[in-house]
Amino acid sequence: MRTRSSFISPLSWSFFTLLLASLATLAQSSKAGKSASSTGDSVLVIVEPTKQAEYSIFLHGLEKKGYAVTIRAPKADNPLLIEDGLPNFSHVVLLASDTKNFAQDISPQSLVQLLSLGTNLVLTLGLKQNMLTSLAPEFSLLLPPPATPLVSFFPERADSPSMIPIDVSRQSIPNDILSVFPSQVTGKVWFSGTAFALNSNPLLFPILHAPLESFAADLTDASGLVSDALADASEKGGEGLWAGSSLSVVAGFQTLVGGGTGHGADAGLGENDQARAVWVGGSSLFSDEFAKKQVVEKIQQERGMKVVENPSGNKQAALEIAGWAFQEKGVLRIDEVTHHKVNQTGLVEMYTTNDEIVYTTRISSFNPSTRKWEPYSGLKDLQLEFTMLDPHVRTALLPVKGKTGLFFSHFSSILSSSPPLLTGTYSTTFRAPDRHGVFKFVISYKRKGFTHLHHTLSVPVVPPRHDGYPRFLSAAWPYYAGAISTSIGFLIFCTIYVAGEAKEEKKSKKE
Amino acid sequence: MKAIIFLLLAAAAQAAKLSADSVKYSIISSKGEPNTKSLSPNEDLSSEVVTISQDQTLKLSFQVVDKATGKGVQPEQAFLRFYDEQSGEEGIQPVRVTSSGKAKFDLSMAKPPSSLPPSSTAPLKVTLLLGASSYSPQKLELFDLYVPASHPAPVHPDEPKFHLLPELVHTFRPDPQLPPRAISALFTVLVLVVPWTILCGLWFSVAPRVPRLFSPNILPFTASLFAFEYLLYQYWVDLKLGDVLTYGAVLGVVTVFTGRHALASIADRRLGSQK
Amino acid sequence: MSTAYPLPTNISPSTVANTASLLRIVAFGLISAAAIASRLFAVINFESIIHEFDPWFNYRATRVLAAKGFYEFWNWFDPTAWYPLGRVVGGTVYPGLMATSGVIYNFLHYFNLPVDIRNICVLLAPGFSALTAWATYMFTAEMKDPSAGLLAAAFIGIVPGYISRSVAGSYDNEAIAIFLLMFTFYLWIKALKVGSALYGALAAVFYFYMVAAWGGYAFITNMIPVHALVLLLMGRFSGRLYVAYCSWYVIGTLSSMQVPFVGFQPVRTSEHMGALGVFGLLQIVAFASLVRSHVSSKQFQNLLAISVVTMGVLGAGAFVVMTYKGWIAPWTGRFYSLWDTGYAKKYIPIIASVSEHQPTAWPSFFMDLQLLIFLFPAGVVMCFRELRDEHVFVIIYAVVASYFAGVMVRLMLTLTPVVCVSAAVALSTLLDTYVEAREPDAPEERTEANGSNADGKKAKKAGGAVGSQAGTAAAAAASSTISDLVSATRSSAGSPRQKGIWGADARLVIILNAIGMLVFFVFHCTWVTSNAYSSPSVVLASTNPDGSQHIIDDYREAYYWLRMNTPQDAVVMSWWDYGYQIAGMADRVTLVDNNTWNNTHIATVGKAMSSPEEVAYPILRKHDVDYVLVIFGGLLGYSGDDINKFLWMVRIAQGVWPDEIQEPNYFTPQGEYRVDDRASETMRTSLMYKMSYYRFSELYGGGNAVDRVRNQQIPKVGPTLDYLEEAFTTENWIVRIYKVRKEDALGRDLKTANAFAQGKKRKRGKPVSRRRAIV
Amino acid sequence: MPPKLSTQSSGNKPSLSVHTSPNTLNPTTSFSTKPSSSSATLSLSSSLQTLLKTYTTQTPPQLKFIDSFLLFLVLSGVIQFSYGVLITGFPFNAFLAGFSSTIGQFVLTASLRQQVNPENRLEFKEVGRERAFADFVFGSIVLHFFVYNFLG
């Protein structure tokens with residue numbers, strides 16, 4: 001019974017407390033309408049009009065996913081990216097990788113501003129210097145010198161070395177990074193363009209590595225002797241060598257939000273204005289040519305060689321890459337946060353030191369297939385910090401069992417009109433430190449490929465009230481007794497003193 | 001959909017393979033005696049293990065040849081790849097190849113090339129990558145190289161925040177421990193008994209008779225005194241300050257009057273008696 | 001017997017006494033009126049506003065007390081101060097002041113007088129100044145006679161040294177503390193004279209009030225024991241002393257420990273041990289005298305010698321041991337700074353940085369006390385003439401207080417009352433002597449119209465009457481001191497038979513002279529009060545060329561901007577001087593404030609202010625700072641600005657991070673403190689400098705920008721800010737508010753982000769070696 | 001007879017503190033004046049005798065009555081103090097309250113004794129016997145208020 005009450009409470013009052021969150025939720029759900037994206041349907045594709053036809057498959061794929069695609073030529077003046085400080089599109093794809101100069105409003109600064117305004121970007125690099133190559137370093141990308149495409153002689157094939165099939169399935173991905181390519185991306189992905197090295201920046205993570213045998217070089221230059229050129233480049237003072245599987249051809253970038261104080265100027269749950277950017281080494285990855293191009297593979301058989309031609313994975317990979325950028329997958333959100341004392345219900349403005357605190361949060365993720373936000377209990381490494389200057393407590397927020405969840409869901413639907421979602425609830429109980437101050441509940445869940453969850457809620461922890469200390473301690477019995485006996489003695493003394501001075505008279509007579 | 005073609009003779013039609021032969025390495029330490037060792041690498045894993053220390057130098061030499069004709073070739077790509085399987089760190093070192101296909105590479109740990117990756121206790125797998133247009137490329141596993149361990153690769157200061165962090169617990173101050181109740185009780189009894197017994201003993205001997213204990217002059221005064229002490233006792237138990245002050249004020253006025261009266265009467269008696 | 005001028009002979013002593021007391025009452029009413037009125041300059045010149053710094057906290061706390069009641073106030077934890085540590089207000093405040101005005105507030109509202117709490121706070125100090133005058137009157141009356149008392153009351157009523165802390169609006173502890181000080185002393189003297197536990201207990205109760213009201217209670221805690229000890233050493237032990245002191249000490253000490261802020265100090269710290277020691281000593285002596293009454297003197301010698309020596313040795317030993325074991329805290333830094341003026345600057349800059357802790361400048365003695373400072377020694381000498389117990393007290397008080405007043409400016413306050421008292425004693429003795437009508441031998445009588453100073457004269461008449469016919473009638477008027485009075489007048493009247501004053505002219509000259517001095521004194525007080533002490537440093541006043549007053553209201557402009565344009569829970573960082581004002585006027589969260597209880601936190605702010613942007617930024621973010629507020633007087637020539645306080649920030653920060661902040665780096669190689677182009681690199685990159693002079697030179701267009709406080713020329717190319725952005729600057733640039741920028745969305749440091757935003761291209765990088773060998 | 005004994009004890013309780021302390025001190029004094037120490041103790045004991053005698057004979061019973069109350073307070077104070085020192089003074093406010101209640105009561109009663117003692121009539125001209133008692137009551141009640149306030 002008591003456990004029940006302690007679980008109902010967050011739901012019953014959270015509904016009132018986190019109005020902001022719920023409003024954000026409404027906004028989100030209304031935005032996540034037709035398309036598979038959680039942040040909006042409108043897509044602006046910037047591409048040379050002549051080349052537009054080369055990407056028909058990709059663009060059609062986007063439309064099939066429910067996106068409203070607008071095409072704009074790089075030099076065209078409209079539609080503008082930003083009008084009156086507001087972005088015109090939810091997503092921008094820049095396929096004009098080799099264009100030299102762009103219209104006025106398409107500049108590195110404006111692109112960065114777009115990101116900070118919450119617009120997602122897909123940026124493709126070309127072999128020539130242009131606006132994007134100067135923008136890339138801001139995202140901690142290390143580009144090779146111009147006109148040095150990624151080449152590889154492996155595997156042996158008829159195509160030119162600069163046209164490389166990359167095996168998606170052989171990508172090694174750490175377990176706490178979202179894998180952009182689901183298992184259904186089969187076959188190899190054709191790539192041709194520049195690869196880039198990644199500086200250490202936790203916001204940036206590789207989506208598609210270059211093959212380990214590949215390297216960036218200009219095989220066509222007349223001076224020949226590529227090997228010597230590479231050797232020179234790799235030496236000290238050289239312009240550096242770009243080679244191997246540490247390079248990436250596709251990298252994802254998640255902008256930083258909620259890094260702030262979580263109150264005052266930057267209050268609120270920050271994930272609304274989080275944006276994503278994807279850097280792709282070459283726009284041809286999205287092209288119809290590569291989407292149609294077969295991959296020739298030899299398979300050793302007991303009876304000699306067997307040559308197999310598979311369709312490439314480009315069509316799917318392109319959509320997956322764009323899908324991640326458009327916040328279809330790996331999108332999380334904190335719906336509400338509640339906290340209260342153990343075995344108590346109701347809103348708490350301040351805790352006393354050593355209180356047992358129950359902290360509960362509800363998290364949901366966006367499901368691109370149903371295009372809805374659904375409660376999400378999949379986070380295994382969610383942590384809660386109780387911070388004053390430094391974290392005093394850091395404990396795991398574990399998902400609450402689904403069964404209880406259902407049980408309470410129907411309870412909560414009775415108690416308050418908050419939606420009966422209990423799965424996706426994470427909760428923990430800990431003891432407030434025995435020092436007073438303004439503490440903050442901090443959830444800061446940052447994983448590469450996922451939306452950053454950042455939520456802070458400050459609450460004062462105060463010393464006990466003057467009557468909050470234990471009284472009538474056994475240790476103090478003698479003192480209590482002493483005080484009381486003194487006053488009793490005083491009373492009796494007074495009584496006798498005033499009541500009877502008869503004898504004293506006698507004395508004074510005697511003297 | 002999937003088109004499968006059997007070419008039995010297709011193998012003959014493909015380009016000639018590159019390969020490296022006379023692959024030798026020797027380890028030069030400060031005090032000479034280079035023991036040169038040759039090995040014949042192939043595509044699958046090699047069991048060869050090489051260890052060099054801080055003051056040693058690894059000399060590696062080979063010749064890139066056309067496997068069919070056996071004469072030297074100068075490929076575009078002649079890379080040594082150092083790879084740490086544990087940390088996944090990788091380093092690529094291009095090697096200069098002469099037109100005759102001869103190649104040399106020195107790895108001195110005194111001043112290692114920038115391509116050498118950070119190394120832990122695990123060995124670095126050294127692979128030779130050969131690639132040239134119009135030849136089919138070749139990948140040769142040379143040996144596992146043990147080099148002195150270095151610092152791990154530098155990470156961004158915020159990197160830990162993007163992974164699971166260690167849990168923290170607050171260490172609480174210990175509560176003050178109380179003495180055993182028995183002792184407290186004992187002393188309580190002492191405080192109550194010892195002084196009172198003595199007091200009573202003494203007072204029985206010296207205390208005057210109390211003839212006027214209940215005389216109307218005295219009694220109100222004593223009563224109000226008792227009331228006062230009781231009020232204070234109640235304050236200790238469960239009264240708020242405000243109540244006590246108000247009650248106390250009222251009681252104080254009463255006590256003043258009763259007291260004046262009582263003391264006046266006593267004074268009269270005394271003075272009267274002394275006359 | 002001849003008189004210098006005719007004395008009415010047909011007046012019955014009772015009439016004389018009654019007139020005297022009536023006049024006394026009237027005079028006293030006038031004095032209180034003057035005392036209150038002269039403190040209202042601040043309200044007249046400016047408005048009914050709370051003054052400078054601490055009063056703002058007291059005002060805020062009082063509002064809480066009035067709104068939520070006493071217990072809530074007692075348990076009040078203020079999360080908006082000392083963010084994020086918070087402040088346990090109930091346990092770190094002297095609640096006497098707030099309680100007082102809270103009581104007044106509730107009292108008035110109980111009678112349906114809806115007075116705004118602010119006006120109560122503003123007018124509390126003037127109101128209590130009248131009570132102070134009364135307490136001083138009582139005290140001095142015990143010293144000499146009521147006429148001297150009236151003089152003293154008049155002095156304390158208008159003397160600048162006391163007005164400086166009690167003008168309307170300076171709602172600070174001292175406002176009521178001085179009254180409590182004087183009244184406690186009066187009760188102590190009374191208790192000592194009468195030897196009644198009643199007065200002792202009353203003194204203890206008011207001592208408790210004093211403890212609850214002001215940290216300066218330690219002055220009483222040590223004055224009374226010293227007095228008692230001196231009396232002991234003078235061989236003046238008496239039952240009265242025992243009764244008075246013991247009843248005061250026991251009740252007073254126990255009650256003082258009820259104040260949460262004081263806690264167990266009275267039994268733990270050395271400052272309070274003197275009182276305890278005297279208490280023990282008195283027990284011994286009293287017991288010894290009891291024994292003496294029972295045994296012959298010779299045996300008594302042995303007993304006394306042995307017992308006293310034993311007790312003394314045991315007591316001293318116990319004290320040493322306990323201090324050594326740490327049961328008794330050694331002297332605190334503030335205490336040491338009283339003996340060694342250089343101590344604070346060396347070890348506790350936080351204390352030294354407070355302006356009112358600086359040693360007093362000589363002129364301020366004259367400014368605050370004027371004529372009294374000359375009468376003061378004379379009065380002390382008078383006390384030596386007839387050395388009764390209470391006179392000993394005044395002498396000790398005079399000596400101690402004048403030393404402390406020399407050490408610390410703010411302790412001038414404790415000196416002022418005794419100066420008034422002894423000056424009054426001196427002056428009234430003078431008047432007594434010269435208004436005294438009897439002549440040694442004067443054949444003829446002179447009539448004389450003596451203009452003013454009615455009270456002194458009439459009072460003297462009363463005294464004279466008492467003297468002439470050793471009056472039972474006047475006993476009512478000059479209540480307890482009658483016998484003393486008799487003896488005094490006798491001696492003064494009886495001795496100078498051969499040498500004395502003849503004729504009225506000499507009298508006239510002296511008296512007129514005295515009156516003249518008094519008149520000048522009054523003018524001086526009025527002038528000082530209206531010009532020097534009535535400015536609420538929240539609002540500044542300057543005079544236009546045409547002489548009219550021009551109000552500079554930048555502080556309130558800035559605080560109001562904060563209140564209106566920033567989120568409720570925004571954290572504002574500023575130097576601690578402005579913490580209370582920000583909390584009070586802007587109602588925003590502050591990092592540090594004038595209750596300087598946590599040196600490290602203040603040092604953190606000091607470090608942030610004195611380090612370069614990129615060092616300061618992590619500190620700001622860690623403390624959730626949203627806005628930074630600095631005071632800059634360079635445009636207006638307002639010298640009390642942060643650049644002038646900057647060195648204190650540096651010193652305090654250096655105290656905690658000696659290897660990161662070094663004071664010398666902020667000076668030029670020649671050791672000058674400059675802000676112009678010759679300023680040191682550290683100085684120019686420091687956050688404080690940048691925030692002060694950001695865009696300062698732009699204000700002068702092409703012309704050369706001159707800082708009118710430092711009188712130095714600011715370089716044309718001003719400092720640039722990457723991590724902060726200017727949010728608001730007041731009309732006269734006195735207050736400048738900066739907003740702390742959020743981290744860059746791309747994870748770059750804000751310097752690079754700014755460079756990019758301004759279109760700077762960065763050079764291409766290349767892959768670097770990730771291997772770092774272990775050396 | 002019993003009154004004698006009792007008054008003795010009541011009388012020499014205060015003097016006990018004197019009587020014991022020299023013994024503890026003797027070594028130190030003996031350093032200074034070796035010969036005189038023995039005589040000192042001798043005279044001490046003798047003087048104690050006379051002290052008791054004079055006390056029992058000369059003290060009016062009302063004072064004895066007060067003295068016994070003083071003794072009572074001393075005892076309870078001593079016991080509380082020893083408890084505080086030996087066992088625990090943990091609720092320090094309680095200790096202070098209890099202990100200082102006895103101390104304060106003692107001091108106030110001693111003041112009363114001084115004031116009503118016929119020998120110092122001259123000292124207390126303005127404080128008659130009844131006035132003295134009123135003071136005593138007032139002081140005690142104020143004291144007890146603070147004691148109970150502080151008892152926690």
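First the proteins, then the strands, lettered A, B, ... as listed; each starts at 1.
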* To do: Could you tell me the separation between the CG atom of Leu203(A) and the CG atom of Leu746(C), rounded to the nearest 0.5 Å?
  =>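 Output value for this atom pair is 8.0 Å.
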
* Asked: How far does NZ of Lys760(C) sit from OG of Ser134(A), to the nearest 0.5 angstrom?
  -> 15.0 Å

Below 4.5 Å from any heavy atom of chain C, which atoms of [X] appear? Answer side chain, backbone, both or neither.
{"X": "Pro145(A)", "result": "both"}
{"X": "Phe439(A)", "result": "neither"}
{"X": "Leu135(A)", "result": "side chain"}
{"X": "Glu239(A)", "result": "backbone"}
{"X": "Val461(A)", "result": "backbone"}

* Asked: Is there side-chain contact between Pro84(C) and Leu389(A), with at least one heavy-atom pair below 4.5 Å?
  ->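 Result yes, sub-4.5 Å side-chain heavy-atom pair found.
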
* **Side-chain heavy atoms of Arg435(A) within contact of Leu85(C), under 4.5 Å** => yes

To check you understand the geometry: which heavy-atom pair defines the closest contact between [X] and [Y], and what is its length?
{"X": "Phe253(A)", "Y": "Ala745(C)", "value": "CE2-O, 4.2 Å"}
{"X": "Val438(A)", "Y": "Pro79(C)", "value": "CG2-O, 3.4 Å"}
{"X": "Pro767(C)", "Y": "Leu241(A)", "value": "CG-O, 3.7 Å"}

* Considering residues, nucleotides and ligands other than Gln758(C), do more than 12 of their heavy atoms fall under 6.0 Å from its CD? ->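 It does: Gln758(C) CD has more than 12 such atoms within range.
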
* Asked: Are there more than 12 heavy atoms of other residues, nucleotides or ligands under 6.0 Å from atom CZ of Phe264(C)?
  ->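 Atom CZ in Phe264(C) is crowded, with more than 12 foreign heavy atoms closer than 6.0 Å.
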
* In terms of ring plane angle, is the pair His436(A) and Phe77(C) parallel, tilted or perpendicular, where the classes change at 30° and 60°? ->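 It falls in the perpendicular class, over 60°.
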
* Structure fact -> Residues at least two apart in sequence or cross-chain that pass side chain to side chain contact (heavy atoms under 4.5 Å, CB included) with Glu613(C), listed by chain then number, are Leu687(C), Lys690(C), Leu721(C), Asp722(C), Tyr723(C)

Pick from [options]: which one has the most heavy-atom pairs with chain C under 4.5 Å?
{"options": "Asp390(A), Asn201(A), Leu204(A)", "result": "Asp390(A)"}
{"options": "His466(A), Met388(A), Arg465(A)", "result": "His466(A)"}
{"options": "Pro137(A), Ala197(A), Pro464(A)", "result": "Pro137(A)"}

* Using non-hydrogen atoms and a 4.5 Å limit, figure out which bit of Lys622(C) sits close to chain A: side chain, backbone, both or neither. =>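 Both parts, backbone and side chain.
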
* Chi angles and distances behind the salt bridge (charged side-chain N to carboxylate O under 4.0 Å, His left out) call for Glu138(A), Lys761(C) -> CA-CA 10 Å; Glu138(A) 303 301 321; Lys761(C) 287 206 165 37; over 6 Å; no

